[in-house]
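Being a predicted model, the structure only gives us computed values, none of them experimental. All chains are named by letter (A, B, ...) in the order of the sequence lines, taking the proteins before the strands, and each is independently numbered beginning at 1.
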Amino acid sequence: MTAVTDQDHTDHTDHTHRMGHRNRTDHMGDGDNRDSRENGKTGSTGSTGITGSTGDPERGDVRGSGEEEGPATGVRDQEPRAPREQRAPRDPQEPEDQQEHRARERRAERRERAEREAARHARVPDAGSGAGGADGGASASAEDASARTASGQGSRADSPSEGGAAWDDGLIARRVTEASAAEQAAVKEARGGGGGGGGGGSSLPTTPLVYDGHLRSRLDALRELVGLSRARLDNRTLARAGRVLDEAAARRRLSGQHTVVALAGATGSGKSQLFNALAGVTISETGVRRPTTSAPIACSWSDGAATLIDRLGIPGRLRRRPVQSADAEEQLRGLVLIDLPDHDSAAVQHREQVDRVLGLVDAVIWVVDPEKYADAVLHERYLRPMAGHAEVMFIVLNQVDRLPGEAAELVLDDLRRLLDEDGVALGEFGEPGATVLALSALTGDGVGELRELLGQFVAERGAAARRISADLDTAAWRLRPVYATGRRTGLSEEARDEFADRLADAVGAIAAGEAAERAWLRNAGRACGTPWLRLWRWHQDRRDPPTGRLPVTAQPDEETTARQRVEQAVRTLSERASAGLPAPWAQAVREAAVRGAQGLPEALDELAARAGLPPGRPPRPGWWPVAVMAQACMTLLQVVGGLWLVGQIVGVLAPNLGVPVLLMVAGIVGGPLVEWSCRMAARGPARRYGQDAERRLREAAAGCGRARVLDPVASELLRYREVREQYARVMGVGAGAR
Amino acid sequence: MVTLDVRPQLLDALSALRDRVAAARFPLPLAGAPRARANRDELLAQLDDYLVPRLRQPEAPLLAVVGGSTGAGKSTLVNSLVGRRVSEAGVLRPTTRTPVLVCHPEDHHWFSGMRVLPGLTRVWAPHQDSTEDLLLPGEDGRRVLRIETADTLPPGLALLDAPDIDSLVADNRVLAAELICAADIWVMVTTAARYADAVPWHLLRTAKEYDAMLVTVLDRVPHQVVSEVSRQYGALLTKAGLGDVPRFTVPELPESAWGGGLLPATAVAPLRTWLAHHTQDSAARRHVLTRTAHGVLNSLKARMPELAGAAAAQYSAALRLTSAVETAYDSEYKRVRGRLQSGAVLAGDALKRWRAFPLDCTAGELLDALSESLVALLLCAVSAADERVDEAWRREPAAEAPELTDRDTAPESVEHRIGLAVRRWRRELDEYAEDEVRGLERGVAPDPEAVAALVATALLGGRRARSAGEGLAERIGAHGALRLRDRAGRLLAEHLDRVMHAERERRLAPLDGLEVHPEPQAELIAALSVLQKER
């Protein structure tokens with residue numbers, strides 16, 4: 001099963017709730033748990049003693065299976081992540097060529113059966129890799145599962161030194177040193193595995209599992225999501241989602257009539273005893289030797305589960321049938337019970353098997369006992385990460401016969417409290433969630449109740465889908481940090497405007513506009529000024545040094561655009577755009593912006609040269625000549641008036657002071673008047689001219705920036721939004737959109 | 001076995017070593033840092049709670065710490081050894097949350113002080129009210145040790161009932177590890193259901209590693225299977241190289257059941273006898289003392305280099321982070337210098353202003369544009385450097401330290417700081433220009449602002465602003481122009497250096513605040529070698 005440890009506690013709870021609401025309808029059966037518990041007390045079935053001697057033939061069986069581990073070992077050796085210290089001691093024990101030989105033999109034996117099933121497995125994408133057929137299917141899933149195991153161990157999922165190193169915080173009792181790991185490996189027994197023969201009954205054609213529409217659409221959404229984000233996220237992040245998909249597909253092809261339930265728990269909690277009690281016959285060896293069970297054992301209550309058990313990699317020798325009784329048969333029809341090894345003993349390979357099988361079963365019965373129910377290893381490594389799977393979990397307090405009086409009830413309450421702290425939703429009062437009950441496999445007390453609950457549970461046939469859905473939830477929650485941040489994303493209108501402004505600054509649009517306006521005004525003033533003023537200006541110009549004035553653009557200016565401003569504009573924009581995005585997508589946005597910014601300054605240079613005002617004098621409006629004319633008239637008036645006066649003084653003309661003085665005064669007053677009114681009239685056009693110059697530059701720059709930077713960034717954001725929606729669909733939020 | 005000769009030099013060396021260990025810090029979240037922190041704490045606990053007090057006062061009573069998994073029956077065992085209920089036992093796990101130390105009344109003074117376990121507050125009053133007791137350790141994070149006296153215990157022996165070693169309550173876990181480190185005799189309790197659990201075995205291996213005096217108790221064995229379980233446990237111990245460890249088996253009796261009373265004295269008699277013998281027989285006692293003490297001393301040989309290695313890893317990670325910052329800022333500094341030389345400041349707005357100067361643009365406007373452009377250049381350089389640093393740090397696991405991640409990323413503040421610096425530069429430039437103009441004759445003296453603008457243009461415009469230099473020379477004379485330009489250039493370089501340096505220091509400040517230095521590594525090793533010499 002998938003493990004999530006780095007997840008927020010509250011997140012988990014409420015996500016379980018949400019899941020709960022969805023599934024409430026198909027989980028109504030849990031409502032009468034408490035009632036049925038009362039009834040179930042009477043149904044104590046045959047129990048077996050603890051004496052180890054009764055299990056002797058079985059033990060031989062288990063050992064025997066260990067020797068013919070050909071294909072399984074082959075598979076294990078191919079595993080990229082198989083811890084070295086485990087491989088090392090096995091190799092001398094079983095030379096490789098011998099392994100190969102045995103594997104080939106077994107494959108040949110199974111070829112016939114495999115071919116029968118080939119049709120069904122043909123669509124398994126990963127089944128073709130190995131020997132094909134059932135063998136291939138089993139090995140593929142085993143490989144799959146152990147890869148999952150390796151990363152399924154809590155928050156240290158990604159550390160390369162997996163194996164025993166997980167759950168190792170360096171405290172005095174929780175430390176795994178290399179020496180101790182090696183010692184543990186030395187203890188390691190050869191273990192059985194691989195697909196066995198059809199011990200679980202003949203493989204009748206079975207109806208494959210059907211997921212309901214909602215789950216199907218979520219799975220499809222996840223597949224699409226993985227496809228969409230492959231380019232952006234690394235494979236490790238997506239691996240878990242990929243595995244969920246693979247397993248959902250694999251489980252779907254297998255029987256929907258069966259529910260695979262695993263019995264898991266600490267060593268000495270009485271898993272095997274409970275297993276035997278449920279089966280009604282001593283199947284699994286029990287005893288005081290710890291750890292007792294070293295390989296998973298399957299027991300199937302009806303036919304057609306062979307492929308399911310193949311998927312778990314349980315060999316034929318370890319498949320059993322319960323004692324034949326019509327009653328039990330009827331009640332637990334469709335149940336496949338798996339007895340797992342312990343998860344907390346010093347034998348590391350047991351834990352690996354548990355982790356592997358837990359990833360593949362439909363439901364789990366956690367068997368705890370009064371001594372160990374509060375073990376950190378159980379809660380921290382299994383229950384907390386699997387809190388999302390509460391609906392497919394039973395937690396059974398075994399060995400209540402060892403508790404006096406009402407202590408059992410106390411312990412049960414304490415267990416419930418611990419589970420609650422773990423974030424496991426408890427299936428009480430009709431709420432969907434884990435079922436907690438107390439029983440004693442030894443005396444049979446409460447076993448009937450469990451049997452009844454299991455019967456109901458199996459009859460519902462919803463466990464597999466619920467498990468997949470919980471897996472999906474967990475995987476989706478683990479992906480949450482790369483898809484969602486809970487913050488508003490996107491490029492605001494202000495950010496776009498600001499980017500345009502910055503680019504305009506970079507090309508100097510404002511300054512260019514102002515300069516153009518002033519130049520226009522200046523020209524207007526010069527054109528319409530009085531001739532005397534022009535004369536004076538001309539004189540000034542001749543006196544002044546010619547520097548600084550309109551630097552002749554002899555050489556075309558290179559790099560007229562301010563590089564640093566463009567760079568900063570792009571940086572700010574990409575920061576704005578990537579704010580609130582999950583890291584990988586933020587990175588993609590940044591990259592898009594940087595890619596777009598390459599060559600942007602050069603393009604702006606070129607553009608500024610083209611879009612800028614044509615060099616030389618600004619255009620002359622039509623009214624200027626009129627103004628010039630008027631000015632000339634004024635000057636003429638002055639001159640005429642002056643000459644007339646001079647003429648009178650000289651005596652050439654008749655003395656008539658009034659008219660020439662009037663003419664002169666009109667000319668002297670009119671000239672500046674015309675100039676002033678021209679200046680007033682020029683203001684509007686000058687501003688328009690300047691604004692026009694500014695606008696042309698600004699628009700050109702903004703257009704260039706949009707095409708090169710904004711658009712790629714926006715499309716990257718759009719891609720993220722798409723993925724985000726897809727993610728919401730996976731989370732089941734956008735359920736209506738299917 | 002060597003006798004426990006304690007020379008003052010050894011004690012000095014040991015306390016020096018202790019101080020070094022206490023001073024070691026592993027603030028950067030490297031792969032090995034949590035482990036190193038745990039190792040440091042454990043070592044410190046062992047030194048403070050056990051080794052130093054033990055070597056100082058070899059005559060102090062032996063401390064036997066009873067440790068084991070939850071539900072192993074530690075409290076019941078302690079109660080039975082003492083002969084009365086001193087530590088509560090119960091069915092709810094974890095039972096023991098407050099450690100209980102039981103000793104003979106005469107030995108009380110040894111434990112009432114802070115000689116051992118100085119981190120724990122002593123509580124004497126026996127808390128019969130269990131609810132209050134449960135609250136005690138939690139309140140304001142104070143950790144409590146309850147001390148009980150019982151004259152049924154032989155003098156010279158103290159029993160400590162520790163919380164479970166793999167408790168769900170993280171504090172209990174840490175406390176249990178610390179308590180076990182304080183023991184002269186490690187009493188490991190396991191049960192018939194647990195003897196193959198991984199957790200107790202880790203503890204046993206640690207005990208072996210430290211060569212501590214170890215006793216194992218196989219508790220709660222149903223009487224039908226005593227011999228078989230005992231045999232198998234023995235076989236496992238032998239396989240782990242612990243075959244010679246004294247092993248006691250306590251059967252599961254109705255009396256022991258869950259919160260019940262005490263086990264009959266006969267059930268724990270062998271263990272009791274063993275403990276009594278080792279406390280009262282002086283040879284056996286010395287054997288216990290020397291074995292555990294020397295075991296810890298010997299283990300230092302491996303543990304100190306480990307700590308030193310972790311310290312070195314911290315330092316090298318810090319060095320990598322620092323050098324990433326320095327490289328980024330250095331290269332950006334070079335880039336800025338290059339851009340200044342090539343006249344990148346005189347571009348965009350500033351260039352347009354310069355083209356319009358002086359006809360369509362005043363000197364003030366030109367200076368404003370130039371300042372703004374300069375601010376943009378510097379801001380760009382600083383942001384680019386930060387970006388590079390982020391990029392480089394993203395590959396460093398050490399950069400994820402919370403102190404380093406939550407720096408203020410507001411670019412406005414950077415902009416503000418740079419703006420201030422540039423404004424100051426401009427003001428000083430104005431003053432220089434005024435100085436220069438003041439020296440000229442009144443009649444021909446040009447506007448100081450225009451002079452400042454021309455100097456700024458000439459400085460910042462590179463080749464493009466050659467005419468500015470010419471204009472300047474015409475206005476204030478070639479000599480004055482050269483002088484002014486030199487001074488202004490020096491001023492600019494100075495401000496540029498100051499800005500880049502200040503920003504780099506700001507970036508490095510949180511890293512410096514973590515105080516990861518190269519010294520601890522050498523000091524740890526040196527302390528160890530001094531200790532080795534003194535032994």
Side-chain angles (χ1 to χ4, degrees), chain A residues 169-177 180 183 187 266-268 288-291 344-347 369-377 379-380 402-404 407 410-411 414 418 505-508 510-512 515 518-519 522 545 547-551 557 559-565 567-568 571, chain B residues 34-35 38-39 42 69-71 91-94 165-168 173-174 177 180 191-199 201-203 205-206 225 228-229 232 240 257-259 344 347-349 351-353 355-361 369 373 376-377 379-380 383-384 387 464 467 470-471 474:
Chain A
D169 57 9
L171 266 183
I172 193 160
R174 315 204 328 165
R175 170 161 38 197
V176 183
T177 54
S180 68
E183 271 175 63
V187 185
T267 167
V288 291
R289 186 177 170 272
R290 305 267 155 261
D344 67 342
S345 81
D369 66 83
E371 194 182 317
K372 289 187 162 186
Y373 76 87
D375 274 14
V377 65
H379 291 272
E380 287 182 0
R402 290 173 73 185
L403 288 171
L410 277 177
V411 172
D414 198 43
L418 288 178
D505 268 357
V507 295
I510 295 175
R518 287 177 194 174
R522 188 162 40 82
T547 49
R549 173 157 357 114
L550 283 177
D557 262 331
E559 302 199 3
T560 50
T561 310
R563 300 298 195 256
Q564 64 270 20
R565 279 184 194 268
E567 200 181 315
Q568 193 63 17
R571 187 172 294 127
Chain B
R35 170 65 70 89
N39 282 350
E42 188 186 303
S69 310
T70 174
V91 291
L92 301 186
R93 318 258 151 256
I165 46 175
D166 62 334
S167 176
L168 258 180
R173 243 165 17 213
V174 176
I180 288 170
T191 68
R194 282 194 183 276
Y195 69 81
D197 280 15
V199 167
W201 278 101
H202 291 321
L203 196 55
R205 284 199 192 88
T206 312
V225 295
E228 193 186 345
V229 168
Q232 273 165 12
W258 313 110
D349 246 10
L351 183 62
K352 295 279 191 297
R353 296 274 183 212
R355 290 220 184 117
F357 183 79
L359 277 181
D360 298 327
C361 169
S373 197
L377 181 72
L379 182 63
C380 174
S383 318
E387 210 172 64
R464 181 179 302 177
S467 54
E470 291 160 11
E474 272 171 33

Of all heavy-atom pairs between B:C361 and A:R518, which one has the smallest distance, and what is that distance? CA-NH1, 3.5 Å

Mind checking what makes side-chain hydrogen bond (donor to acceptor under 3.5 Å, both in side chains) contact with B:D197, not counting sequence neighbours? A:K372, B:R194

Which one, B:A369, B:A192, B:A193, B:A376, leads in non-hydrogen pairs under 4.5 Å with chain A? B:A193

Nearest 0.5 Å, what's the CD-OG distance between A:Q564 and B:S373? 5.0 Å

Interface moiety of B:A344 toward chain A, non-hydrogen atoms closer than 4.5 Å: both

Counting only heavy atoms closer than 4.5 Å, note whether B:S69 contacts chain A via side chain, backbone, both or neither. neither

Between chain B and each of A:A511, A:A515, A:A562, count heavy-atom pairs under 4.5 Å; write down the option with the most. A:A511

Against chain B, work out which of A:D375, A:T267, A:D369 has the most heavy-atom pairs shorter than 4.5 Å and name it. A:D375

State which residues pass side-chain hydrogen bond (donor to acceptor under 3.5 Å, both in side chains) with A:E567; sequence neighbours excluded, sorted by chain then number. A:R571, B:R335

